[in-house]
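Scope of the values below: all heavy atoms of this structure, side chains included, with no hydrogens, waters or symmetry mates.
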Amino acid sequence: MVFFFDLDNTLLDDNAAQAKYLPALYKNFGNYINCSEDEFRQRWREATPRYHQLYAEGAITFEEQRFRRVRDSFNNPSLDEDTLRTIISTFDSVFSKSWTLFPKTIPVLQKLQDFPLGIITNGSLEQQSRKIDSTNIRPYFDCIVISEEVGIAKPHPEIFHHACSLLHCSPEDCYFIGDSLENDVLGALSAGMQPVWFNTTNAPVPEHLCSIKIISNLEEALKLPFDFDLHHSRANSRNS
C-alpha cells in the first residue's frame with residue numbers, strides 16, 4: 001500500500017497562511033484595492049483556484065496567473081505591470097513566511113513511515129519545492145511530483161500514473177489524499193487510485209461520489225491501512 005498526498009490545503013494549511021498575508025496585502029496596497037477588505041479576501045479566495053487551474057492547464061504563464069489574480073482580487077483591471085510586480089514582490093515576501101502545516105501533518109507522516117509516501121502537486125517547481133523544504137517535510141517522502149516539472153497537471157490521470165511508476169506500484173494499491181474534488185478526488189479516481197477527500201469544510205458530497213472515503217482531519221488517514229486490508233481480504237474471499 002502506498003500513500004500519495006496533495007500539498008496545498010492538505011499538508012499545508014492555506015487558510016492559516018491567508019490569515020497572515022491577506023491583511024498585509026490590504027494594509028500595504030489598500031489604495032489600489034477598489035473594494036472592502038472582506039470583499040477583497042473573498043475575491044482572492046475565489047480567484048486563486050481559478051487562475052491556478054488555468055496555469056496548470058498551460059493556458060497562461062505562472063506570471064500571468066499572478067497578474068490576473070491580483071487585478072481580479074483588487075477589483076482593479078487597469079493595474080500596470082510595474083505596480084503588479086511591486087505587489088507580487090511584497091506578496092512573495094509575506095507568503096513565504098506564512099507557510100504553515102496542519103497541526104497533524106508531521107505526526108501523521110511519522111506514523112506512516114512504514115509505507116511508501118509521495119506528493120503529487122500542481123504548481124511551479126520553484127515555489128512548491130520551497131514550500132516543501134521550508135516546512136521540512138521532504139525527508140518523509142519517497143517521491144515528489146510537481147506538475148511544472150513533469151509537464152502534466154492534475155486531474156489528468158497521467159500525472160498519477162507517473163508518480164506510481166516512480167514508486168513501482170499499481171494505482172489500485174494507492175490512496176490519494178487531497179482537498180480538491182476535481183483535481184484530487186476525480187483525478188485519482190480516473191487514474192485507478194483510491195481517492196480520499198480531505199473535506200475540512202463539510203462540503204456536500206455529490207451523489208455519484210457517495211462511496212468515496214472522506215476525512216476531515218489528517219489523523220483519520222491512519223485508519224486507512226486497516227480499511228485497505230479489510231477491502232482486499234473481502235475481495236480475495238469473493239474471488240476464491
Side-chain angles (χ1 to χ4, degrees), residues 1-12 56-57 99 101-102 104-199 209 211-215 217-236 239:
M1 183 187 357
V2 178
F3 285 84
F4 285 105
F5 292 85
D6 170 48
L7 181 61
D8 298 297
N9 279 322
T10 300
L11 299 175
L12 270 66
E57 294 168 356
W99 293 327
L101 296 172
F102 280 104
K104 298 295 183 181
T105 295
I106 294 297
V108 167
L109 295 178
Q110 289 174 335
K111 291 176 181 177
L112 290 176
Q113 284 302 287
D114 288 342
F115 303 97
L117 304 181
I119 289 175
I120 306 174
T121 177
N122 286 352
S124 79
L125 175 61
E126 187 272 337
Q127 187 176 84
Q128 298 305 84
S129 296
R130 283 199 294 124
K131 290 177 184 177
I132 290 164
D133 290 329
S134 71
T135 54
N136 300 311
I137 58 174
R138 188 179 292 273
Y140 292 103
F141 292 95
D142 301 285
C143 85
I144 295 171
V145 176
I146 300 173
S147 64
E148 184 181 70
E149 183 176 27
V150 298
I152 318 163
K154 297 180 295 184
H156 198 291
E158 193 56 37
I159 193 170
F160 298 93
H161 293 159
H162 174 71
C164 288
S165 72
L166 295 178
L167 294 185
H168 308 288
C169 59
S170 299
E172 59 266 25
D173 293 330
C174 302
Y175 281 115
F176 186 84
I177 301 169
D179 70 291
S180 169
L181 199 57
E182 180 178 354
N183 286 341
D184 299 325
V185 173
L186 294 180
L189 196 61
S190 69
M193 289 183 176
Q194 299 185 54
V196 180
W197 188 15
F198 186 43
N199 182 5
L209 294 174
S211 63
I212 65 169
K213 295 183 182 297
I214 301 173
I215 61 176
N217 186 304
L218 279 179
E219 205 165 34
E220 295 174 63
L222 299 177
K223 302 174 184 177
L224 295 174
F226 173 78
D227 292 342
F228 182 89
D229 291 339
L230 185 62
H231 169 78
H232 277 252
S233 67
R234 285 174 175 171
N236 290 335
N239 296 329

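A distance of 4.0 Å separates CD1 in Ile132 from CD1 in Ile144, rounded to the nearest 0.5 Å. Rounding to the nearest 0.5 Å places NZ of Lys104 at 13.0 Å from CD1 of Ile215. Interatomic distance, NE2 of His156 versus NE2 of His161, reported as 9.5 Å (0.5 Å rounding). How far CG of Asn183 is from CG of Asp6: 8.0 Å, rounded to the nearest 0.5 Å. Residue Asp184 holds its CG atom at 5.5 Å from CG of Asp179, rounded to the nearest 0.5 Å. Taking CE from Met1 and CG from Asp114, the interatomic distance works out to 10.5 Å, rounded to the nearest 0.5 Å.
At least one side-chain heavy atom of Leu167 sits less than 4.5 Å from a side-chain heavy atom of Cys143. Residues Phe3 and Leu224 form a side-chain contact, since some pair of their non-hydrogen atoms from C-beta on lies under 4.5 Å apart. For the pair Asp8 and Gln128, the minimum side-chain heavy-atom distance is below 4.5 Å. Under the 4.5 Å side-chain criterion, counting only non-hydrogen atoms from C-beta, Leu189 is in contact with Leu209. Between Phe176 and Pro171, every side-chain heavy-atom pair lies at or beyond the 4.5 Å cut-off. Between Ile137 and Ile119 the shortest side-chain heavy-atom distance falls below 4.5 Å. In this structure, the side chains of Cys164 and Cys174 come closer than 4.5 Å at one or more pairs of heavy atoms.
Closest non-hydrogen pair, Arg138 versus Asp133, comes out as NE-OD1, 2.6 Å. Taking both residues in full, the closest heavy atoms of Ser134 and Trp99 are given as OG-CE3, 3.1 Å, listed atom of the first, atom of the second, then distance. The two residues Thr10 and Phe102 come nearest to each other via the heavy atoms O-CD1, 3.2 Å. The shortest heavy-atom contact between Ile177 and Phe198 is CG2-CB, 4.3 Å. Nearest heavy-atom pair across Phe141 and Leu11 is CZ-CD1, 3.7 Å. Heavy-atom minimum distance, Gln110 versus Tyr140: NE2-OH, 3.4 Å.
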Exercise for the section: Decide yes or no on side chain to side chain contact (heavy atoms under 4.5 Å, CB included) for Leu109 and Phe5, but give the supporting numbers first. Expected result: CA-CA 10 Å; Leu109 295 178; Phe5 292 85; 4.1 Å; yes
Practice task
Evaluate the side chain to side chain contact (heavy atoms under 4.5 Å, CB included) criterion for residues Asp173 and Val2: first the C-alpha distance (whole Å), next the side-chain angles of each, then the deciding distance (0.1 Å), finally the verdict.
Solution key: CA-CA 6 Å; Asp173 293 330; Val2 178; 5.7 Å; no
Exercise for the section: Take Val196 and Ile214 through the side chain to side chain contact (heavy atoms under 4.5 Å, CB included) test and state the conclusion after the steps. Expected result: CA-CA 6 Å; Val196 180; Ile214 301 173; over 6 Å; no
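Checking side-chain atoms of Ser190 against main-chain N and O of Gly187 turns up a donor-acceptor pair under 3.5 Å. No donor-acceptor distance shorter than 3.5 angstrom exists from the side chain of Asn122 to the backbone of Ser147, with no hydrogens or angles considered. Checking side-chain atoms of Lys154 against main-chain N and O of Ile120 turns up a donor-acceptor pair under 3.5 Å. For the pair Trp197 (side chain) and Ser180 (backbone), a donor-acceptor distance under 3.5 Å is absent. Gln194 places a side-chain N or O within donor-acceptor distance of the main-chain N or O of Glu172, the cut-off being under 3.5 Å. Panel note: side chain Asp142, backbone Gly118; no donor-acceptor pair is recorded below 3.5 Å.
Ring pair Tyr175/Phe115: centre-to-centre distance not below 6.0 Å.
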